[in-house]
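Residue numbers begin at 1 in each chain, while the letters A, B, ... track the order of the sequences.
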Amino acid sequence: MSNIQAIRGMNDILPEDTRHWRHLEQTVSRLLASYGYGEIRLPVVEKTELFKRSIGEVTDIVEKEMYSFDDRNGENLTLRPEGTAGCVRAAIQHGLLGVPQRLWYMGPMFRYERPQKGRQRQFHQIGVEAFGIASVDMDAELILLTARLWRQLGLADSVELQINSIGSSAARRAYRAALVDYLTSHQDALDEDSQRRLHSNPLRILDSKSPQTQALLDAAPTMADYLDDESRTDFSRLCEFLQAAGLPYVINPRLVRGLDYYNKTVFEWVTDRLGSQNAVCAGGRYDNLVEQLGGKNTPGVGFAMGMERLVLLMLETGALDQSGQVLADVYAVAAGDRAQSTALAAVESLRDSLPDLAIVQHTGGGSFKSQLKKADKSGARVALIWGEDEVSTQTVTVKHLREGSGQGDRSGQQTVPGQQLEATLRAVFAD
RNA sequence: GUGGCCGUAGCUCAUCAGGUAGAGCACUGGAUUGUGACUCCGGAGGUGGCGGGUUCGAGACCCGUCGGCCACCCCA
């Protein structure tokens, strides 16, 4: 194929899908506004160093999934693989952290991975971050907010909330040692990937998909036993909050997150309807990240949701209207040169008086018949017709194209004086 | 990075022991010199992803490559 194609894993989103995306975006932004979150818009490119310092040097994302390149001045930059790092950077840089901050953002992220269902190289996330509040009621707020979002999107029955606490970094270190200890003594029973992770990232063995590894883990030490007191009480407090709010959840003691900066609360909303990519929204607390990136010690909690996955899930579960989309309410047709200029002017003034109607003016010529054909295809309820007769009598024909749009008009069309066009259309679209 | 399946018209897919392609939908013209949807008739549209090989001959077989899908890894 000699034609230039899009980069692998970077997809165009076509009009039939953008309407679904817009539905998601509008729902989310309204919801976040109602909770008092402010939108922040961040660059897509940051210094590579930012991601290395926040996500963690030895994570897969940093080791092999980043789109990095040298700028013309020799500086190494990276297309953001996630949003939190940039958000924290911006919050520090602009001095937003003196008071609690609730922020959200939306946009493309980039990871060099093999594309598959629900995963592409350029994907889109909506991220929400809350800074400056160390108590778990903040964690609860975020989780309740997401639950409300699923209800509004019609996804409440398709997702399940999993929560866990991974404790302080000291607790995690102690637990990691115990886990490595245990697994090392059973090394032969571990699958190949997990053996590798035993040295690189042992906590990730916990969510291995290998059945025998999972079986081995049944007898392994659990994170809960190693939690520091504060993490333990915070976690049970979180559970209380969720219970009080009537929000069902599952404690998944093997839930860990892939990014290094998390501590204490971690959570994930999962679904079984998207193939093997089961997480649609995930996040947790990151109380050390701000300081780690050079800011004043400031606690943080946040999450990100994958927009592709949410749209997919909504399509999958029938939560979206998939009927053919209608781009026009009214389609204007003109036969003859004189009629064309009359129609063009009339339609322009209609747009002044009826700004909420989508009026498509036929362009590109063609026979009268073919123009009407286009009118029908457009999905418009009515066609406006200007021909020789109409022009000479200063009228316009309003033709009803759909069942039930005729206001009891059996003939299917009526010719009205030009001045009455606006009123006629108002009546047609009154509902 | 690894593995499986797949790449034929704009879309969904056929065909055939290897003898250079067809349907439906969509598009378009007409039946109706100013009236859409239904119906009928006609038309356009493919160097069969790309490159190489086997063969008298390949869309069909082989190799490579690119792309797609799914899974592993990892993650939203």
Side-chain angles (χ1 to χ4, degrees), chain A residues 1-11 14 16 55 59-66 81-84 106-128 146 159 191-194 196-197 200-201 204-205 207-210 256-259 267-271 274-283 302-313 331 333-336 339 362 366-391 397-403 411-413 415:
Chain A
M1 183 75 68
S2 61
N3 288 336
I4 295 177
Q5 292 184 300
I7 304 304
R8 150 174 268 197
M10 306 203 180
N11 303 133
L14 305 179
E16 58 175 311
I55 297 170
T59 56
D60 278 26
I61 290 180
V62 169
E63 278 183 343
K64 49 186 202 192
E65 293 177 1
M66 295 207 301
E82 59 104 41
T84 302
M106 169 169 72
M109 307 292 164
F110 304 84
R111 289 181 203 172
Y112 190 89
E113 299 181 279
R114 274 300 261 278
Q116 69 184 76
K117 190 183 182 72
R119 189 175 73 191
Q120 38 280 126
R121 290 181 174 179
Q122 175 175 334
F123 61 105
H124 298 77
Q125 285 187 335
I126 293 166
V128 180
T146 54
V159 291
D191 62 278
E192 198 178 323
D193 284 321
S194 294
R196 178 172 50 73
R197 281 180 293 209
S200 58
N201 201 344
R204 297 224 50 99
I205 297 175
D207 55 15
S208 164
K209 285 176 183 167
S210 156
V256 289
R257 315 263 35 259
L259 287 58
F267 68 95
E268 227 169 63
W269 285 93
V270 297
T271 178
L274 289 185
S276 72
Q277 303 323 308
N278 59 0
V280 295
C281 172
F303 65 83
M305 46 197 161
M307 298 177 72
E308 278 82 358
R309 289 182 188 181
L310 288 173
V311 171
L312 263 180
L313 187 57
Y331 195 97
V333 156
H362 179 85
S367 67
F368 186 67
K369 181 189 174 67
S370 71
Q371 292 193 36
L372 272 179
K373 212 174 243 182
K374 292 277 170 47
D376 183 53
K377 292 264 164 55
S378 76
R381 236 148 97 181
V382 301
L384 302 181
I385 299 171
W386 280 272
E388 291 304 323
D389 296 349
E390 284 85 354
V391 171
T397 296
V398 178
K399 180 179 173 62
H400 302 278
L401 301 170
R402 313 283 154 217
E403 288 300 316
S411 72
Q413 70 181 53
T415 299

Using the C1' atom as the reference point in each nucleotide, state the distance between rC38(B) and rU20(B) in Å, no decimals.
-> 40 Å

P-based separation of rG53(B) from rC16(B) [nearest Å] = 29 Å

Tabulated below should be each protein N or O lying under 3.5 Å from an N or O of nucleotides 37-39 of chain B; please produce it.
from	atom 1	to	atom 2	distance (Å)
rA37(B)	O4'	Asp376(A)	OD2	3.1

What integer number of Å spans the P atoms of rC72(B) and rC13(B)?
-> 24 Å

In whole angstrom, give me the gap between the C1' atoms of rG34(B) and rA14(B).
-> 42 Å

Do Thr397(A) and Glu390(A) have side-chain atoms, one donor and one acceptor, less than 3.5 Å apart?
-> yes

Is there a donor N/O on one and an acceptor N/O on the other, under 3.5 Å, for the side chain of Glu390(A) and the base of rG34(B)?
-> yes

Residues which pass side-chain hydrogen bond (donor to acceptor under 3.5 Å, both in side chains) with Asp376(A), listed by chain and number, not counting sequence neighbours | Arg402(A)

Here the gap from Glu63(A) atom CD to Glu65(A) atom CD, rounded to the nearest 0.5 Å, amounts to 10.0 Å

d(Ser370(A) OG, His362(A) NE2) to nearest 0.5 Å is 5.5 Å

Quantified in whole Å, what is the C1' atom distance between nucleotide rG19(B) and nucleotide rA58(B)?
-> 9 Å

Can you find an N or O donor on one side and an acceptor on the other, under 3.5 Å apart, linking the side chain of Gln371(A) with the base of rU35(B)?
-> no

Are the side chains of Gln122(A) and Asn11(A) in touch, meaning some heavy atoms are under 4.5 Å apart?
-> no

Give each stem of RNA chain B as a range with a range, requiring at least 3 consecutive Watson-Crick or G-U wobble pairs whose two distances are under 3.5 Å.
-> B:1-7 with B:66-72, B:10-13 with B:22-25, B:27-31 with B:39-43, B:49-53 with B:61-65

Distance between the C1' atoms of rG59(B) and rG7(B), in whole angstroms?
-> 11 Å

Write down the distance separating the C1' atoms in rG57(B) and rG10(B), rounded off to the nearest Å.
-> 32 Å

Show the distances under 3.5 angstrom between N or O atoms of the protein and N or O atoms of nucleotides 9-12 of chain B.
none

Minimum heavy-atom distance between Gly336(A) and Glu388(A), given as atom pair plus value | CA-OE2, 4.1 Å

State which residues pass ring-ring contact (aromatic ring centres under 6.0 Å, His included) with Trp386(A); sequence neighbours excluded, sorted by chain then number.
-> none

For the pair made of CZ in Phe368(A) and C1' in rG36(B), what is the distance, rounded to whole Å?
-> 10 Å

Side-chain heavy-atom pair Leu313(A), Arg309(A) within 4.5 angstrom cut-off | no

Nearest heavy-atom pair of Arg111(A) and Glu82(A): which atoms, and what distance?
-> NH2-CB, 3.8 Å

Nearest heavy-atom contact between Arg8(A) and Pro115(A) is CG-CG, 3.9 Å

Compare every heavy atom of Val391(A) with every heavy atom of Ala339(A), then report the nearest pair and how far apart it is.
-> CA-CG2, 3.5 Å

Distance under 6.0 Å and angle within 45° of ring axis: Arg121(A) vs Phe110(A) = no

In whole angstrom, give me the gap between the P atoms of rA26(B) and rU39(B).
-> 9 Å

With sugar-phosphate taken as primed atoms, P, OP1 and OP2 and all else as base, the protein-contact string of nucleotides 68-76 of chain B at under 4.0 Å (heavy atoms; B, S, -) is S-SBBBBBB

Pairwise distance CZ(Arg197(A)) to CG(Asp60(A)) - rounded to 0.5 angstrom = 9.0 Å

Using a 4.0 Å heavy-atom cut-off across all strands, classify Glu192(A) as base, sugar-phosphate, or nothing.
-> nothing

Hey, does Leu372(A) have a side-chain heavy atom less than 4.5 Å from the side chain of Ile385(A)?
-> yes

